[in-house]
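Below is one structure, written out as structure tokens, with a few remarks after it.
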Amino acid sequence: MLELLTSALGVPRNVLADDEQIEHAWSQLPRLIKRIPPELRDERIVKMCVAVASGLFDAAINYVWNAAILELREKVRRFGIAVVPQVLDDKSFDQDALLDLKDAELLDLCLKLNLIGDDDYFFLDQCRATRNSFSAAHPAEGVVDEDEFLAFLSRCQKHALSSVRNPKGVDTRAMLAALKTARFKRDQREEWERRVRETYDAQRELIFVMLHGIYCDPDSVEEARLNALAICEALSDEFSPRTRSALVDRHQEYKAKGDETRKKASLQFFEKLGQLSLLTDAEVHSIFTDASRKLLAVHNGWDNFHNEPPFAERLARLSRNNRVPESAQTIFVNAVVTAGTGSVYGTSHAAMPHYREMVTSFSPNEVRLMLEIPGGSSLVANRIKSSKGCDSRFRALVALVDAKSVPTAAKSLYKKWLPTA
């Protein structure tokens, strides 16, 4: 057929790719096309196949590139045309502006929105240069053979026509409005969590810093603070290193400015998220000792059986999510053992599960500190010596300790204070 066509036009057959080149390219097409999702195999892919069958590799390149560009535009649309201006800080960006973008500008935008990665950008930018210099779209500077066409198709397929992940931008203005309107219902909170989780990394980082700022702002309404905290709590395990770094930087800014109100709120934020390990040792020490002293104060106060549970719960949550600094272990262990041993009147039944949890999780050094308490002169030591009930309850706490957690130097004390038959 190609022989007849070129003969009819009076041109030599070699103006088109020869049969061997066409056969080689054609044999590789099914494998590459199969990797393109069915919904993207449109008329451009069909025209590309016809061009290959005709030996027009320069035209085939053009069809593939057009398909790639159209899919990149769709990725931007799926990301959210209304959100892009917030990212670019360009209020004029709209559907028409998207269509007016040059190919190079579109690649830059997709990279900023995390719709393509650095590798994708590198290879697609090479494809853009190839298309501009060697395709039928412009006067060609050279000839594209079958191997170069197949490499071009492979790159477009891999980096533009087969990406399964398409982040969607979060409309931060709508999010702020929702945060301030009313306390989130469960389904509303889960929807915002999903949107934040599905957006691109850079925007997710900005959103978490924004939510931290709302929580720490003394002028924020309580609904907004609680909503911001709820989203961060749900996603805190997914914080990236960059997000953690950005949150710590903001916290340090509050300290540097002497903004005690925001600094205190920021400490609460990290505590509730179980992220105290990001703070300095001195700050973590202060948080644990403060919580321990408050528990002791309530325990020794009026109506302690009724008032202890929330303070015990807070200390248990702190120790569950964070390592107790060695400098704070003495007062921490003393508070837990004192309240868990109780007084001659007994213990706070509602708080006891928290005490048992903390004792069970004691580190070897905390176990040693616990076993040394009866030999001292503290309040709880005197209670153990003078009250059979306190003695019995202390032994019950010791029984919660795993023998493997007992340091060698404290083995004899451990055996001494295990419950007697």
Side-chain angles (χ1 to χ4, degrees), residues 271-272 276 284-407 409-421:
E271 175 186 329
K272 291 180 181 298
L276 288 182
V284 179
H285 168 93
S286 177
I287 289 173
F288 269 99
T289 55
D290 180 66
S292 299
R293 288 192 181 97
K294 285 181 178 177
L295 174 60
L296 280 174
V298 171
H299 172 73
N300 294 322
W302 180 80
D303 200 11
N304 64 296
F305 293 164
H306 177 73
N307 295 329
E308 271 182 46
F311 293 87
E313 180 184 10
R314 182 198 175 198
L315 192 57
R317 184 177 66 251
L318 277 171
S319 62
R320 186 187 310 128
N321 297 327
N322 308 276
R323 180 185 63 82
V324 182
E326 187 173 348
S327 58
Q329 287 178 358
T330 298
I331 187 172
F332 167 69
V333 170
N334 185 61
V336 174
V337 173
T338 298
T341 299
S343 66
V344 293
Y345 302 106
T347 60
S348 171
H349 296 307
M352 279 307 298
H354 302 301
Y355 302 140
R356 294 190 186 99
E357 175 193 343
M358 287 185 277
V359 170
T360 302
S361 300
F362 273 175
S363 68
N365 190 55
E366 289 165 348
V367 170
R368 178 186 63 79
L369 292 171
M370 173 186 181
L371 294 172
E372 292 175 352
I373 283 177
S377 57
S378 63
L379 173 64
V380 65
N382 292 329
R383 287 177 177 176
I384 293 171
K385 294 171 185 174
S386 61
S387 168
K388 289 185 178 180
C390 292
D391 179 281
S392 176
R393 287 189 290 273
F394 177 75
R395 291 178 184 274
L397 291 178
V398 172
L400 296 173
V401 175
D402 191 316
K404 296 179 181 178
S405 298
V406 181
K411 291 286 186 184
S412 59
L413 287 174
Y414 176 66
K415 292 178 180 178
K416 173 184 177 179
W417 289 105
L418 281 174
T420 55

If we only count heavy atoms from C-beta on, is the Thr338 to Tyr355 side-chain gap below 4.5 Å?
no

Nearest heavy-atom pair of Cys390 and Arg383: which atoms, and what distance?
CB-O, 3.4 Å

Polar side chain donor-acceptor pair, Glu326 to Asn365, under 3.5 angstrom
no

Would you give the length of the straight line joining atom CG of Leu315 to atom CZ of Arg317, rounded to the nearest 0.5 angstrom?
10.0 Å

How far apart are the closest heavy atoms of Gly340 and Thr347, and which atoms are they?
O-CG2, 3.5 Å

Under 3.5 Å, is there a donor-acceptor pair between the side chain of Asn322 and the main chain of Leu318?
yes

Member of Leu369, Val336, Val324 meeting the side chain to side chain contact (heavy atoms under 4.5 Å, CB included) criterion with Phe362
Val336

Closest heavy-atom contact between Pro309 and Ala350?
CG-CB, 3.6 Å

In Å and rounded to the nearest 0.5 Å, what is the CG to CG distance from Leu397 to Leu371?
11.0 Å

Between the CZ atom in Phe394 and the CD1 atom in Ile384, the distance rounded to the nearest 0.5 Å is 4.5 Å

Return yes if a side-chain donor-acceptor contact under 3.5 Å exists between His354 and Glu313, otherwise no.
no

Lys415 atom NZ: more than 12 heavy-atom contacts under 6.0 Å:
no

Quick check for you: to the nearest 0.5 Å, what is the distance between Ser377 atom OG and Asn382 atom CG?
7.0 Å

Separation between OG (Ser405) and CG (Leu400), nearest 0.5 Å, reads 11.5 Å

Kindly check if the number of other-residue, nucleotide or ligand heavy atoms within 6.0 Å of NZ (Lys416) is above 12?
no

Under 3.5 Å, side chain of Arg395 to main-chain N/O of Leu418, donor-acceptor pair present?
yes

Measure the shortest side-chain to side-chain distance between Trp417 and Asp391 over non-hydrogen atoms and say whether it is less than 4.5 angstrom.
yes

Does the side chain of Ser292 reach to within under 4.5 Å of the side chain of Asn334, using non-hydrogen atoms?
no

Within-4.5 Å side-chain heavy-atom neighbours: Ile373 and Thr341
no

With a 3.5 Å distance limit and no angle check, can you tell me whether Ser319 reaches the backbone of Ala316 through a side-chain donor-acceptor pair?
yes

For Arg393 and Ser343, the nearest pair of non-hydrogen atoms, with its separation, is NH2-O, 2.5 Å

Is the shortest side-chain heavy-atom distance between Ser361 and Arg320 below 4.5 Å?
no

Under the 3.5 angstrom rule, does the side chain of Ser392 hit a backbone N or O of Lys388 as a donor-acceptor pair?
no

Please confirm whether the backbone N or O of Val380 pairs with a side-chain atom of Lys385, one donor and one acceptor, at under 3.5 Å?
no

Would you say Lys294 and Asp290 make side-chain contact, with heavy atoms under 4.5 Å?
yes

Can you name the nearest heavy-atom pair linking Val398 to Met370, along with the distance?
N-CE, 3.6 Å

Can you find a heavy atom in the side chain of Phe332 that is under 4.5 Å from one in the side chain of Glu366?
yes

Quick one: pull up CD in Glu308 and CE in Met352 and give me the separation to the nearest 0.5 Å.
9.5 Å

Would you call Asp402 and Val367 a side-chain contact if the rule is heavy atoms closer than 4.5 Å?
no

Nearest non-hydrogen partners of Leu295 and Ala335, listed with the distance:
CD2-O, 4.1 Å

